[in-house]
There are 2 protein chains.
Amino acid sequence: MSLPHAVLTSLLEKATSGYDLARRFDKSIGYFWHATHQQIYRELARMEAAGWIAAFVPPDAGKTRKKHYRVLPAGRQELARWALEPTAPMDLRDAFTVKLRADAVLDEIDLVPELERHLALHQAQLAHYQRIEAQDFPPGQPLPRAQAIQHLILKRGMLYEQAQIAWGREMLVLLGDQNT
Amino acid sequence: MSLPHAVLTSLLEKATSGYDLARRFDKSIGYFWHATHQQIYRELARMEAAGWIAAFVPPDAGKTRKKHYRVLPAGRQELARWALEPTAPMDLRDAFTVKLRADAVLDEIDLVPELERHLALHQAQLAHYQRIEAQDFPPGQPLPRAQAIQHLILKRGMLYEQAQIAWGREMLVLLGDQNT
DNA sequence: TGCTCCATGTAACACGTTACATGATTGC
DNA sequence: GCAATCATGTAACGTGTTACATGGAGCA
């Protein structure tokens with residue numbers, strides 16, 4: 001149960017609206033914690049009820065319904081509490097690997113197109129990360145602590161994609177060889 | 001929605017009971033598709049109702065309640081259908097990365113112990129994979145297709161753990177440096 | 001007798017997904 | 001005027017988690 005904590009973190013980085021948070025969960029924080037806009041609205045309502053966050057009308061609201069949220073001391077405290085509590089490493093639910101095992105046992109399906117599709121997606125994601133790195137972390141400068149952490153998180157994403165790509169190519173050779 | 005397909009795959013690899021499947025989901029197939037025993041029993045009931053699998057009393061049942069399941073043609077067909085359908089790459093929900101970002105913004109918590117704990121877990125998992133490799137895939141022999149796929153899947157798990165470990169050590173240096 | 005493991009489940013609840021609803025603002 | 005985007009939500013449903021229940025088998 002870390003969605004509320006991911007939202008708190010995101011709000012601390014920048015107080016904003018549910019709509020905007022939802023878009024942030026399609027990039028940035030969403031790269032390692034996925035959530036839909038409905039989950040976010042629900043969680044915001046709960047956290048407001050719990051006194052962790054409070055809504056306010058932003059200066060640029062005009063006549064819109066827009067609401068921003070800021071983190072209250074109780075929310076900050078809860079985030080710190082949770083951060084120190086041990087949590088399990090992420091458990092994986094990777095459909096493609098299931099498919100591979102299905103292929104190994106069925107021996108009658110061609111996963112090459114799907115693998116190629118995934119390879120392309122991983123390459124696109126890697127390229128995306130590299131663009132972010134070029135923009136936000138120009139080389140040669142020593143970074144303050146917070147920035148250095150953000151940079152290493154980004155690097156982890158890149159490592160992950162690179163590993164997926166390297167492995168995927170090996171797998172492609174194996175699947176291709178035996179198909180022809 | 002790939003849990004039923006993971007179960008079908010596992011049953012094709014070896015027809016067995018819900019209890020045994022649950023244990024298999026704590027290792028083997030569970031390394032990349034996690035599920036609890038309640039999910040498995042529920043899914044078995046559904047798939048039996050759908051005509052994808054059928055229960056039978058195994059020869060060694062004695063007076064126990066033990067039931068085994070085998071995959072029916074409809075189940076095999078469904079698995080093949082699903083395997084060819086495009087599915088999204090796994091989306092990540094990694095609590096530790098959320099904690100790191102929380103640390104970056106709160107700047108008042110010490111994640112070193114939690115990181116060390118995770119590092120130890122990744123090292124243990126890697127060692128476990130290496131034992132499996134030594135046992136099941138002795139070097140130097142060309143493997144049949146199905147085995148070669150299984151081996152590459154295992155290698156992917158090892159790559160993943162190695163990447164986590166290498167990255168974790170870098171992160172440890174960063175967090176440690178700035179704590180002292 | 002009491003303990004652990006085998007084996008299958010029910011129930012309740014929390015979390016995640018999909019579909020739909022509503023209305024205001026911005027740009028063409 | 002119309003379409004796209006901003007912005008917030010409701011409802012229904014499906015999946016995943018936690019707690020508990022039940023009873024047999026094997027063993028000290």
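Each chain gets a letter, A, B and so on, in the order the sequences are listed, and its residues count up from 1. As the structure is a prediction and not an experimental result, all values here were calculated from the model.
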Who pairs with [X] by salt bridge (Lys or Arg N to Asp or Glu O under 4.0 Å), at least two apart in sequence or on another chain?
X	answer
B/Lys66	B/Asp60
B/Asp107	A/Arg145
B/Arg93	none

Using heavy atoms and a sub-4.0 Å distance, could you list which residues of [range] are near DNA chain C? By number, please.
range	result
residues 83-98 of chain B	B/Arg93
residues 15-33 of chain A	none
residues 44-57 of chain A	A/Arg46

Calculate the interatomic distance between [X] atom [atom1] and [N] atom [atom2]; express it in whole Å.
X	N	atom1	atom2	answer
B/Gln38	C/dA12	CD	C1'	12 Å
B/Lys66	C/dA7	NZ	C1'	9 Å
B/Tyr41	C/dT8	OH	P	4 Å

Output the distance between atom [atom1] ([X]) and atom [atom2] ([Y]), rounded to the nearest 0.5 Å.
X	Y	atom1	atom2	value
A/Trp33	B/Arg101	CH2	CZ	14.0 Å
B/Ile149	B/Leu154	CD1	CG	14.0 Å
B/Leu152	B/Leu143	CG	CG	10.0 Å
B/Leu159	B/Leu126	CG	CG	10.0 Å

Quiz item: Aromatic rings A/Trp82 and A/His5: how do their planes relate, parallel, tilted or perpendicular, breaks at 30° and 60°?
Solution: parallel

Quiz item: First and last nucleotide of DNA chain D in contact with chain B, 5' to 3', at under 4.0 Å to a heavy atom: what are they?
Solution: D/dT15 to D/dA25

Using nucleotides 22-26 of chain C, report all nitrogen or oxygen pairs with the protein that are shorter than 3.5 Å.
unit_1 : atom_1 : unit_2  : atom_2 : d
C/dT22 : O2     : A/Arg65 : NH2    : 3.4

Self-check item: Side-chain heavy atoms of A/Leu175 within contact of A/Glu114, under 4.5 Å
Solution: no

Quiz prompt | Residues in ring pair (Phe, Tyr, Trp, His ring centres under 6.0 Å) contact with A/His37, at least two apart in sequence or another chain | solution = A/Tyr41

Under 3.5 Å, which donor-acceptor pairs do the side chains of residues 128-141 of chain B form with other protein atoms, sequence neighbours left out?
unit_1   : atom_1 : unit_2   : atom_2 : d
B/His128 : NE2    : B/Tyr31  : OH     : 2.5
B/Tyr129 : OH     : B/Gln125 : NE2    : 3.3
B/Glu133 : OE2    : B/His151 : NE2    : 2.8

Quiz item: Which residue lies toward the 5' end of DNA chain C, B/Tyr69 or A/His37, if each is placed at its nearest nucleotide?
Solution: B/Tyr69

Exercise. Nearest-nucleotide wise, let me know which of B/Asp60 and A/Arg42 is further upstream toward the 5' end of DNA chain C.
Key: B/Asp60

Donor-acceptor contacts under 3.5 Å from residues 17-25 of chain A side chains, at least two apart:
unit_1  : atom_1 : unit_2  : atom_2 : d
A/Ser17 : OG     : A/Asp20 : N      : 3.2
A/Asp20 : OD1    : A/Arg23 : NH2    : 2.9
A/Asp20 : OD2    : A/Thr16 : OG1    : 3.4
A/Arg24 : NH1    : A/Ser10 : O      : 2.7
A/Arg24 : NH1    : A/Ser10 : OG     : 3.0
A/Arg24 : NH2    : A/Lys14 : O      : 3.3

Quiz item: Okay, side chain of B/Lys155, backbone of B/Gln150: is any donor-acceptor separation there less than 3.5 Å?
Solution: no

Quiz item: Is it true that a side-chain atom of A/Arg76 and a backbone atom of A/Trp52 form a donor plus acceptor pair closer than 3.5 Å?
Solution: no

Quiz item: Which pairs count as side-chain hydrogen bond (donor to acceptor under 3.5 Å, both in side chains) when at least one residue sits in residues 160-170 of chain A, sequence neighbours excluded?
Solution: A/His122-A/Glu161

